[in-house]
Amino acid sequence: MESWVGWLLLLCFHMFFFHFSFSHSLCHPHDNIALLQFKNSDTRSFGLDTSPTYDDVTSFFTYAECSDMDPKTATWENGTDCCSWVGVTCHPISGRVIGLDVSCSGLYGEIPSQISQLSKLESLDLSHNLRLRWKERSWKKFIQNATFLKELILDDVDMTQSSMRPLNQSTSLVSLSLSRTRVWGNLKSDILCFPKLEQFHLSDNSYSPNGQHLPSLSCSAASLTILDLSYNYFEGSIPISFSNFTHLTVLDLSHNVYLNGSIPSSLLTFPSLTFLDLGFNQFSGQIPNVFLQSNNFKTLYLSHNNVEGELPSTLSNLQHLIHLDLSLNKLSGQIPLSILNFQYLVSLDLSHNRLEGPLPNKIKSLSNLTRLYFNDNLLNETIPVWCLSLPSLLELDLSDNQFTGHISAIVSQSFEFLYLCNNKLQGNIPTSIFTLVNLRQLSLSSNNFSGFHNVNYNFPKLERLYLSSLGLTEFPKIVGKVPMLRDLDLSNNKLNGTVPKWLHEMDSLSFLNLSQNLLTTPIKQFLRNYKLQFLDLSFNLLTGDISSSICNVSSLNVLLLSHNKLVGVIPPCLANLSSLSILDLQRNELNGTLPSSFSMNSLLSVINLNDNNLEGILPKSLSNCTKLEILNLANNQIEDKFPKWLQTLPRLTVLVLRANKLYGPIPSLKMKHGFSSLLIFDISSNYFNGSIPKTYIQNFQAMKNVIRYKVGELYIQPSSNASVYEFATVTEFATITTKAITMTFKKIPKNFMTIDLSRNKFEGEIPYVIGELHALKGLNFSHNRLSGYIPQSIGNLTNLESLDLSSNMVMGRIPTELTNLNFLEVLNLSYNHLVGKIPEGKQFNTFENNSYIGNLGLCAFPLSKKCNNTKQQSPSSLNFWREEGFEFGWEAVVIGYGCGIIFGIGLGIFVLFIGKPEWLVKMVGGGLRKKMRRR
Ligand SMILES: *[C@@H]1O[C@H](CO)[C@@H](O)[C@H](O)[C@H]1NC(C)=O
Ligand SMILES: *[C@@H]1O[C@H](CO)[C@@H](O)[C@H](O)[C@H]1NC(C)=O
Ligand SMILES: *[C@@H]1O[C@H](CO)[C@@H](O)[C@H](O)[C@H]1NC(C)=O
Ligand SMILES: *[C@@H]1O[C@H](CO)[C@@H](O)[C@H](O)[C@H]1NC(C)=O
Ligand SMILES: *[C@@H]1O[C@H](CO)[C@@H](O)[C@H](O)[C@H]1NC(C)=O
Ligand SMILES: *[C@@H]1O[C@H](CO)[C@@H](O)[C@H](O)[C@H]1NC(C)=O
C-alpha cells in the first residue's frame with residue numbers, strides 16, 4: 001500500500017517536472033537579460049568568430065572536436081524564453097539558469113561580465129572557443145557569485161593570463177576541465193584545493209620542462225575519481241599524496257616525458273581503478289607485484305618507460321582487463337600463460353621489450369582479442385597455432401623476434417594487418433595467407449621462407465606489401481586489382497629483367513622500393529606511377545638515361561637511383577622539382593654538367609652525385625637550397641673554384657668535394673656564421689693552393705663542441721619528410737662485393753667529424769686555431785706543401801683518432817703535447833723535416849716506424865736510431881687508453897681496412913660514399929695498422 005502511494009507521488013513529481021522543463025515559460029527575467037547582454041556585448045572585445053583559422057595544430061584539434069560549429073547563441077532572441085535556447089538549462093521550478101553550454105561557438109575576446117550575473121549556475125561549458133580569453137579578472141568576478149558551480153569546462157580557452165589562485169573560493173566544484181588552456185599558475189603548492197572535486201582534467205598544457213612537479217592535490221584526495229594530468233611535461237616522481245586517492249577510477253599521467261622514479265605500489269591497489277596510463281614517461285624499476293585478487297582494471301598502459309624485470313605474477317589477477325600495453329620498456333623473462341587467458345582482452349601490446357623464450361602453446365580463451373603486438377622481443381621457437389587463428393584478431397605483429405619453423409596453415413580470415421618480418425621462419429607460406437580478403441598490410445620480409453613461386457596474390461584491400469630479403473626470383477603474381485596499394489617493398493631479392501605490367505600500371509603507389517635486385521628495366525617504366533613520393537631503385541643493373549619525364553612525378557620526395565649503370569645527363573628539371581628533398585644518383589655513369597637552376601624554395605636536403613663523370617662548374621644556384629644538409633660531389637670531373645657561396649646554407653653538415661678538378665686559393669670567409677654547421681669537410685685530391693683557410697676553421701662551430709649525443713640523436717638525419725625517411729632507414733644494406741665485407745652505416749654518425757685537405761697544393765703553416773676544433777676525430781693535411789712547425793695546439797684535439805700530416809715540409813720537433821691525444825689510433829708524420837726525440841708514453845708507445853719514416857732527424861722509439869743523451873724508456877701506460885669505451889670510431893674503420901674492405905658511410909638507404917679517406921687507405925695498406933686493443 002505504502003509503496004503504491006510512493007509510486008504515485010513519484011509519478012506526480014515526474015509529470016510536474018516534465019511540465020515545467022518542457023513548457024519554456026519560466027525563464028527568470030534577470031537571467032534572460034543577462035544572457036541577451038552576454039550575446040550582444042561589445043563586439044570589439046567579444047563576439048563571434050566566423051572565420052576560424054585552421055593554420056595551427058591546436059585549431060585543427062579543436063574544430064575536430066566540435067561536431068557542430070554553429071554558434072549556439074544564434075538561437076538566442078529577445079522576446080523568446082531563454083529556457084528554450086540552445087545551450088541553456090533552467091531550473092524546473094525557479095526558472096533560474098543553472099546550465100550554460102556555449103562550447104564550439106566560435107566565441108572570441110574576453111568573457112563579458114554578464115556571465116557572473118548568472119548566480120545560480122551549476123554548470124558552465126565554454127570549451128573549444130579557441131580565441132576566447134579567460135583572464136584573471138573574469139575569473140575573480142565569476143567565481144565570487146558562482147557559489148553553486150559544480151562543473152566548469154574551459155578546454156581550449158586561452159587562460160595564459162589566468163592563474164588558478166582564486167579558485168579555492170569555490171568549494172562546490174565537482175568537475176573541472178582545463179585541457180589545452182595554457183594556464184600557468186603555480187601548481188606546486190596546494191592552491192588547487194577543492195574538497196569535493198571528483199573529476200579534474202588538466203591535460204596538454206605544455207608546462208615548460210623546468211622543474212614543474214605534479215600538484216599534490218591533497219585537498220581532493222577523498223573525492224577524486226578521475227584525474228588527467230597527461231601531456232604536461234611535469235617532472236619528478238609521483239607525490240606520496242597520490243597514495244591517498246583511493247577512490248580513483250581513472251588516472252592518466254601519460255606523455256609527461258619527464259616523470260620518473262618507480263611506480264608506486266599503492267596506485268595498483270586502488271579498488272575502483274579501471275584505467276591507468278603512465279605511458280611515455282621515464283618510470284623505472286619493476287612493475288610492483290601487488291595486483292589484488294579483486295580489482296577493476298580494464299585498461300593498463302605503461303608503455304614507453306624504463307620498466308624492467310619480469311612480468312609480475314599477480315598480473316594474472318587482472319581478469320577484467322580489456323587493454324594491456326607494456327610496450328617499449330625493458331621487460332624480460334617469458335610471457336606467462338596467465339596473461340593470455342584474460343577473457344575480455346581486446347588489445348595486448350608487449351612489443352619492444354626483451355621478452356624471451358617460446359610463446360605458450362595452448363591458451364584458454366582470447367576470443368575477443370583484436371590486436372596482438374609481440375614485435376621486437378627475443379621470442380623464439382615456432383609460432384603457436386592459436387596466434388594465427390584467433391577468431392577476432394585483426395592485427396598481429398610478431399616481427400623482429402627469433403621465431404623459427406613453419407607457420408601453421410590455419411589462418412584467421414579476419415586479418416587486416418599481419419607482420420611476421422625479421423624472423424627465421426621457414427618452409428612454404430600457407431596459401432591461405434595470400435587470399436585474406438580484408439588484408440591491408442602484410443610484411444613477410446627477411447625470413448627463410450621457400451616456395452613463393454606459383455602463388456597467386458589476391459588482396460582487394462591491400463595497402464602495404466613488404467616482401468624484402470626473401471630471395472624472390474620472380475615478382476609476385478598479383479591477380480585481380482589492388483586499387484589501394486600504396487607501399488611496395490621488394491628490395492634485396494633476386495628479381496631480374498623487367499618489372500611486370502601490373503606494377504607499372506599501378507597508379508596508387510606512393511612508396512616503391514625495388515633496390516638491391518638485378519633489374520634492368522628502363523626508368524621510364526616506373527614513371528607512370530605518378531603519385532610516387534618515394535622511389536628506390538638503387539643497387540640494380542639499370543641502364544639507359546634518367547628520363548626527364550621523371551619530373552612529371554610531381555610529388556616525388558625521395559629519389560634513389562644510386563649504384564646502377566645509368567648514363568646520360570641529369571635531367572635539369574630535377575633541380576626545381578618542388579617536392580624533392582633527397583636526391584641520390586651516386587655511383588652511376590652520368591655525364592654532362594650539374595643542373596644549373598636549383599630553385600629558391602627547393603626542399604632538397606641531400607644531394608649525392610658522387611662517383612659519376614660529371615663535369616663543368618658548380619652551379620651557384622645550389623645556394624638556393626637553403627635546406628641542404630649533405631652535398632657529396634666526390635669523384636667527378638668538376639672544374640671550378642672553391643664554392644665559397646655555399647657558406648650561406650645554414651644547415652650544411654656534410655660537404656664532400658673530393659677528387660675533382662677544383663683549383664685556386666680558398667678565399668677567406670666574411671660571413672660570421674658561414675659553414676658553422678659543418679661536421680665533415682672533405683676537399684681532398686683537388687688542385688687547391690694558397691694557405692690553409694684559417695677563417696673556415698675559425699667558423700667550424702659544430703666541430704668545436706664535444707656533444708655527448710643521446711641515443712636517437714646520434715646520427716645526421718635529414719629533417720625532411722620524416723615518415724618516409726624513417727621507413728627508409730629500416731632497410732638494411734649490404735653492398736655486394738666479392739671478397740670484401742662492405743661497411744655500410746645506415747646513417748652518418750654525428751661525431752664523425754673530419755677535415756680532409758690532403759692531396760692539394762696548400763702551402764704555409766698549419767694554423768694554430770686548428771686546436772679549437774675539440775670534437776674533431778680525423779684530421780688530414782697530407783700531401784701538400786705545408787711548412788713551419790706542428791702547432792702545439794693540436795694537443796688540445798683530445799678526441800682525435802687519426803692525424804695525418806705526411807708528405808709535407810713540416811719541420812722542428814714533434815710537440816710532446818701530442819701525447820695528450822688519448823684516442824689517437826693512427827698517426828702519420830712520415831716524409832717531413834721533423835727532428836729530435838719522438839715523444840714517449842701513452843699512445844705514442846703504440847705507433848710503429850712507418851709513422852715517422854722519411855724524417856731524417858727523428859730519433860728514439862720506435863725508430864732504431866738512438867738520440868744523443870737518451871734516457872731509459874719508461875714502461876708504457878697503455879691502460880690509460882680508451883677508458884671511455886668504444887662508440888663509433890676509426891677503430892672499426894681500421895679493422896675493416898685490414899680485411900681489405902671498401903668503406904662507405906651510408907645515409908639511410910642511400911649509401912653516401914664519403915669513402916675511406918685516402919690517407920687511411922694508404923696507411924693501413926702500407927702496414928701502419930696499429931695493434932688493436934679491446935677491453
Ligand atoms: C528586449 O526587447 C525589449 C522590448 O522590445 C527591450 O525593451 C529590451 O531592451 C530588449 N532587451 C535587450 C537586451 O535587447
Ligand atoms: C552577483 O549576482 C548578483 C545577483 O544576481 C548581481 O547583482 C551582482 O552584480 C553579481 N556580481 C557580479 C560580480 O557580477
Ligand atoms: C593521506 O591521508 C591521511 C588521512 O587523511 C593523512 O593523514 C595524510 O597526511 C595523507 N597523506 C598525504 C601524503 O597527503
Ligand atoms: C566479446 O565481445 C562481445 C561483443 O563485443 C561481448 O558480447 C562478449 O561478451 C565478449 N566476450 C568476452 C569473452 O569478453
Ligand atoms: C629460446 O630462448 C630461450 C631463452 O632465451 C633459450 O634458453 C632457448 O635455448 C631458446 N631456444 C632455442 C631453440 O633457441
Ligand atoms: C632471371 O632469372 C631466372 C631465374 O633465376 C633465369 O631463368 C632467367 O634467365 C633470368 N633472366 C634474365 C633476363 O636474366
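Every heavy atom of this structure was used, including side-chain atoms; hydrogens, water molecules and symmetry mates were not. Remember, it's 1-based here, ligands and their atoms both numbered in the order they're listed.
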* Structure fact -> Between the CZ atom in R371 and the CG atom in L345, the distance rounded to the nearest 0.5 Å is 11.0 Å
* For L36, the ligand 1 atoms whose distance to one of its heavy atoms is below 4.0 Å -> 13 (C)
* Structure fact -> Quick note on ligand 3: atoms under 4.0 Å from a heavy atom of N244 include exactly 1 (C), 2 (O), 3 (C), 8 (C), 10 (C), 11 (N), 12 (C), 14 (O)
* Asked: Heavy-atom count around K196 NZ within 6.0 Å, excluding the residue itself: above 12?
  -> no
* Asked: Would you call the rings of W76 and W85 parallel, tilted or perpendicular if under 30° counts as parallel and over 60° as perpendicular?
  -> parallel
* Is it the case that more than 12 heavy atoms not belonging to L292 sit under 6.0 Å from its CG atom? -> yes
* Asked: Taking the SG atom of each, are C82 and C90 under 2.5 Å apart?
  -> no
* D158 and R133 ion-paired at < 4.0 Å -> no
* **Over all atoms of both residues, closest heavy-atom pair of F242 and S216** => CE1-O, 4.1 Å
* Structure fact -> Per the under 4.0 Å non-hydrogen criterion, ligand 2 touches H30, S116, Q117, S119, N145
